[in-house]
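Counting begins at 1 with the first residue of the sequence.
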Amino acid sequence: MVTRKEKRNREKEANYFFEFLKIQKHFFKDLMNNLKKVADHRHQSYITYGPEVLLFTMMLKNMTGLKSMRNMSERFNKEECIKNGG
């Protein structure tokens with residue numbers, strides 16, 4: 001039986017983003033390719049990020065339970081998140 005302290009220590013060591021990517025690659029192999037195929041009706045001069053980046057970011061926001069893009073920026077623009085994502 002795992003104690004609460006052991007469980008907390010394991011959770012600290014877990015890289016949930018990496019685990020999510022493993023699941024995404026296993027069950028949704030074509031997700032990014034499908035997101036790239038979404039029609040983008042924005043004027044070309046305004047496009048910095050493709051539709052796949054915008055849609056995947058929105059999916060991450062919703063999966064983490066964040067309510068707004070501003071909230072997501074505040075939560076994810078931390079040194080540990082930047083280090084884990086790069």
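Nearest approach of Pro51 to Lys36, heavy atoms of both residues: CG-O, 4.2 Å. Taking both residues in full, the closest heavy atoms of Lys25 and Lys29 are given as O-CG, 2.9 Å, listed atom of the first, atom of the second, then distance. The two residues Thr57 and Met69 come nearest to each other via the heavy atoms CG2-CE, 3.9 Å.
By the 6.0 Å contact criterion, CZ on Arg4 is open, its count of non-hydrogen atoms from other residues, nucleotides or ligands being 12 or less. Atom OH of Tyr49 has 12 or fewer neighbouring heavy atoms from other residues, nucleotides or ligands inside a 6.0 Å radius.
When Arg10, Lys5, Glu6 are each tested for a side chain to side chain contact (heavy atoms under 4.5 Å, CB included) with Arg8, only one passes: Lys5.
Asp30 CG to Leu35 CG: the interatomic distance, rounded to the nearest 0.5 Å, is 10.5 Å. Atom CZ in Phe56 sits 14.5 Å away from atom NZ in Lys61 (nearest 0.5 Å). Within the model, atoms CG of Asn62 and CG of Leu60 stand 9.0 Å from one another, a figure rounded to the nearest 0.5 Å. Atom CG of Leu55 is separated from atom CE of Met32 by 9.0 Å, given to the nearest 0.5 angstrom. To the nearest 0.5 Å, atom CG of residue Asn9 and atom OG1 of residue Thr3 are 8.0 Å apart.
Met59 and Val53 fall into different hydrophobic clusters, where Ile, Leu, Val, Met, Phe, Trp and Tyr are joined by side-chain heavy atoms under 4.5 Å apart, directly or via other members. Under a hydrophobic clustering in which Ile, Leu, Val, Met, Phe, Trp and Tyr are joined whenever their side-chain heavy atoms come within less than 4.5 Å, directly or via other members, Met72 and Met58 fall into the same cluster. Phe20 and Phe28 fall within a single hydrophobic cluster, where Ile, Leu, Val, Met, Phe, Trp and Tyr side chains are chained together by heavy-atom contacts under 4.5 Å.
Residues Lys37 and Glu52 have side chains not in contact (no heavy-atom distance under 4.5 Å, counting atoms from C-beta outward).
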